[in-house]
Amino acid sequence: MRRFLFIFSAIFSTVFHAQKKPNLIPYPQSVNMQAGKFEIPETLILNDKLPKEETEYLKKRLGSQVKFKSSSSTEKVHVMHLLFPQPKIPINAEADKEKYSIYISPKRILISSYTKQGYFLALQTLIQLFEEHREDKQIPAMEINDSPKFAWRGMHLDVCRHFFTVDEVKQYIDYLAMYKLNTFHWHLTDDQGWRIEIKKYPKLTEIGSKRKESMIGAYVDNTFDGKPYGPYFYTQEQIKEVVKYAEQRHITIVPEIEMPGHALAALSAYPELACTKGPFEAATKWGVFDDVFCPKEETFTFLENVLDEVMQLFPSQYIHIGGDECPKTRWKECAHCQELIKKNNLKDEHGLQSYFIQTIEKYVNSKGRKIIGWDEILEGGLAPNAAVMSWTGVNGGIEAAKSKHFAVMTPGAFCYFDHYQGDPQSEPNAFGGFTPLDKVYSYDPIPSELNAEQAKYILGVQANLWTEYILDFKQVQYMIFPRLMALSEVAWGTADSKNYKDFENRVIQQFKVLDKMKVNYAKSIYNISGKVIPAVNGVAYELSTSQNSNGIKYTTDGTDPTINSQSYQEVIPVSKAMTVKSAYFEEGQLKSAVSTQQFTPSKTTGKNISLEQQPSENYSFGGAFTLVDGIIGNQKQLGKTWLGFNGKDVVAVIDLGQKTQFSEIYFNTLENKGSWIHLAKSTQIFVSDDNTNFKMIKEIGKEEIQNSKGKVRLNIGNQNSKYIKIKIENAGIIPAGNPGADSKAWLFVDEIGAL
Ligand code: ACM
Ligand code: ZN
């Protein structure tokens, strides 16, 4: 009977009612608007057979809006739940366990699912509909049929660089639940702090959960607060409480215990697990450190005992064992490590990294669990059953999937929420990078390199929140919202970047819910976006807003825009040094932050530029044009203006369009050894009139670049040429004695100018 009604009303609705579609995030796979409305009553009558725990959650979430009563009558109730009929073929546990449908008719709300998990997801949809109709108290009738595309829909939180309380972690888990994410990756150990109580090794938290002080401000400032940090950790009782809390929200917690690198806090407590004697201290600055676990018997026993307690606490199928950024410096000089390489016929220290991970994998597998690790676990050969978390780009995920290993995609360029989401000048200090909302929304977790069969190995997608520069929970909220909503839709599989505007409108509706919860979300989407474009005489600056573009006001004299400033009508020509300040006004009120952009044009500005090798995907921003856009990168904000090259040289050719006189060439490069960013090793400048025959006119070495502190200014005599070629040499392999020794150095470059 109900089936019949479904079809009947569906037909009528398409004929008679073009109702506005709901403001849901993630948007469901299918929504059919129908005739009529469900009036939200003062007291919502719930069927008493609704799954208990999930329904308690519903009551908590809607408690400020309606009262509740329960009833056994199927006639009188407003909310009912039915199991889907079992299909002839057995349900596919993975794909179907999260499937649900909601049928809202003027009389009642019927939810169907195979599992409590599906029911819980349906409740999230229902809660969003109630929130949307808080004022008008009428939910349009509709039928929703929904299930996620990806089984792993994750958010990560680093509690080592900065610690967050049990209550804050629970709030974080609530945010995941609200937007149908189902995996919480809890980053519990790192150089700067060990945050989980391990009964067998009490010193891990007695000693390892504290550090002497913390780095503050921009990394380049190398400034410390002088304040002891910690002891901060979670007791096993607290962990159990959080695991239970997450379970009630159908969220799996995947704990991460970092090895073999990022181990300084552990080594501060148990120095005997290192290659050298120590003593060690939990790190006070950010970056990568040379002292790592030594792959000796004692270390494996220690890690296995730690993992025993971890596996007792966390029922997840996967245990994250880290595996990223492990310098090989100590292993190279350690007699035991070298002996182990020989004894096991390993190729080198990368082989030893693989040996390390495989040893741990065997142990974890023997306990019926699986390991997942950052993509460096591919180095020297992947452990037989390991899953890969692809963060340095997408290649790790591609390699894993092609070799029939599962992968979770979390490439920095799209999924690192410690990056800036708006103009760095109007954002709190962040790690670097530039990952605004629309960029996250544009991500497709299935790399185009994979065929359909290989694509099945992409388990899903995750965003990461590293907290070096995130000092408190308000800032956690700021960094994840609203980007978490974009991730949610990407993971659910209904993101459509062609319809970004529609998504953004739904985000703005969700802000009302976050406002009620007093969540400190970023309002960067209201800010004016600026884009530099080539123009006849240099470049031009194009301003845009997702709001009404008539509301943009700007100045070019350095003052803050007011309601009386110029309205933005067309692109602003930039042919001389100037500062553009812009802001968005509505009804006479300033709505956005003031965006500031300084321009320092030169003879290269806006000219054609080509690069022999492209920057790394995670730091490619506007591509080669970034180097001649008239904007000089801020040394403190590794935001949108820098290009990053991993192990590669920058070889750029700039076409000035015609023979041009110039006598100085400049460019900027960064140094941040803790993050493996090194100044260039050398630079050569060439000129040409035909783009074929180049004449070298200047060459400088490392010393001169060091003396310039990365702001390289070169007098080259009077030149008159059409082409400039500049070769900026990458430092290459990081030398011993530095963080990341033996790995490829990063070269960051911005703005190649000529005067
Ligand atoms: C990472 O960001 N080091 C995984
Ligand atoms: Zn060693």
Side-chain angles (χ1 to χ4, degrees), residues 154 156-158 160-161 185-192 254 256-263 267 271-278 280 283 286-300 302 320-344 346 348-349 351-353 355-356 359 372-379 388-394 396-397 407-419 431-433 435 462-470 616-619 644 646 674-676 739-740 743 746:
H156 147 291
L157 179 66
D158 165 12
C160 303
R161 276 54 177 261
H185 172 168
W186 203 356
H187 185 78
L188 287 163
T189 76
D190 214 306
D191 296 305
Q192 294 80 4
V254 174
E256 180 180 354
I257 304 296
E258 271 270 22
M259 63 189 82
H262 288 294
L267 299 180
E272 61 274 22
L273 307 177
C275 290
T276 57
K277 261 191 20 223
F280 306 103
W286 322 130
V288 175
F289 302 90
D290 280 340
D291 290 296
V292 302
F293 286 119
C294 176
K296 46 192 165 190
E297 234 10 79
E298 206 177 343
T299 304
F300 288 120
F302 165 84
H320 202 301
I321 48 74
D324 60 320
E325 301 177 317
C326 178
K328 310 296 183 287
T329 320
R330 295 290 180 262
W331 292 357
K332 279 208 161 130
E333 289 155 10
C334 168
H336 167 79
C337 287
Q338 291 307 312
E339 187 58 38
L340 201 58
I341 289 176
K342 273 208 212 91
K343 197 174 111 199
N344 289 285
L346 304 172
D348 53 12
E349 290 75 21
L352 192 52
Q353 154 113 354
Y355 171 89
F356 198 115
T359 306
I372 184 165
W374 301 110
D375 54 49
E376 291 96 322
I377 66 169
L378 286 153
E379 278 175 15
V388 170
M389 197 166 256
S390 193
W391 75 278
T392 57
V394 296
V408 174
M409 304 306 287
T410 176
F414 297 91
C415 297
Y416 268 41
F417 289 179
D418 56 341
H419 290 178
F431 184 86
T435 308
Q462 176 175 300
N464 300 328
L465 194 68
W466 302 100
T467 58
E468 286 94 333
Y469 299 93
I470 300 180
S616 148
E617 189 191 326
N618 286 355
Y619 299 100
N646 193 10
S675 296
W676 306 12
S743 299
W746 282 90

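Residue numbers start at 1 and run along the sequence shown. Counting starts at 1 for both ligands and their atoms, following the listed order. Below, all heavy atoms of this structure are taken into account, side chains as well, without hydrogens, waters or symmetry copies.
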Colleague: When you measure from the side chain of H336 to the backbone of P295, do you find a donor-acceptor pair of N or O atoms at a distance under 3.5 Å?
Modeller: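 Yes, H336 side chain to P295 backbone: donor-acceptor pair under 3.5 Å.
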
Colleague: Distance only, no hydrogens: is a donor on one side chain within 3.5 Å (strictly under) of an acceptor on the other, for H156 and Q462?
Modeller: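 Absent: no donor and acceptor within the cut-off.
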
Colleague: Mind running ring-ring contact (aromatic ring centres under 6.0 Å, His included) on W746 and Y619 for me, showing each step along the way?
Modeller: CA-CA 11 Å; W746 282 90; Y619 299 100; 5.6 Å; yes

Colleague: Given 3.5 Å as the limit, does a donor-acceptor pair link the side chain of W331 with the main chain of F293, or not?
Modeller: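 Side chain of W331 to backbone of F293: a pair is present.
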
Colleague: Main chain of D375, side chain of S390: is a donor-acceptor contact present, judged purely on distance under 3.5 Å?
Modeller: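 Such a contact is absent between S390 side chain and D375 backbone.
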
Colleague: Counting only heavy atoms closer than 4.0 Å, does ligand 1 sit against the backbone of E325, its side chain, both, or neither?
Modeller: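 It is the side chain that gets close, since no backbone atom is under 4.0 Å.
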
Colleague: Output yes when the distance from some N or O of ligand 1 to some N or O of W374 is under 3.5 Å, and no in every other case.
Modeller: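 Between W374 and ligand 1 (N or O atoms, distance only) the closest approach is not under 3.5 Å.
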
Colleague: Going through the checks in order, is the ring-ring contact (aromatic ring centres under 6.0 Å, His included) test met by H187 and W374?
Modeller: CA-CA 12 Å; H187 185 78; W374 301 110; 7.2 Å; no

Colleague: Please list, in number order, the atoms of ligand 1 under 4.0 Å from a heavy atom of W466.
Modeller: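 Selected atoms, number and element: 1 (C), 2 (O), 4 (C).
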
Colleague: Has ligand 1 got any nitrogen or oxygen that is less than 3.5 angstrom from a nitrogen or oxygen of D324?
Modeller: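 The answer is yes, given that D324 and ligand 1 share an N or O pair closer than 3.5 Å.
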
Colleague: Going by chain and residue number, what protein N/O/S atoms come nearer than 2.8 Å to the Zn ion (ligand 2)?
Modeller: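 Correct list: C275 SG, C294 SG, C334 SG, C337 SG.
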
Colleague: Just to confirm my output: which protein heavy-atom neighbour is closest to atom 2 (O) of ligand 1, and how far is it?
Modeller: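 Of the protein heavy atoms, Y416 OH, 2.6 Å lies nearest.
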
Colleague: What distance do D324 atom CG and M259 atom CE have between them, rounded to the nearest 0.5 Å?
Modeller: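 One gets 11.5 Å once the value is rounded to the nearest 0.5 Å.
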
Colleague: Only one of H262, Q192, E325, R330 clears side-chain contact (heavy atoms from CB on, under 4.5 Å) with F289; which?
Modeller: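 Of all the options given, the one that passes is Q192.
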
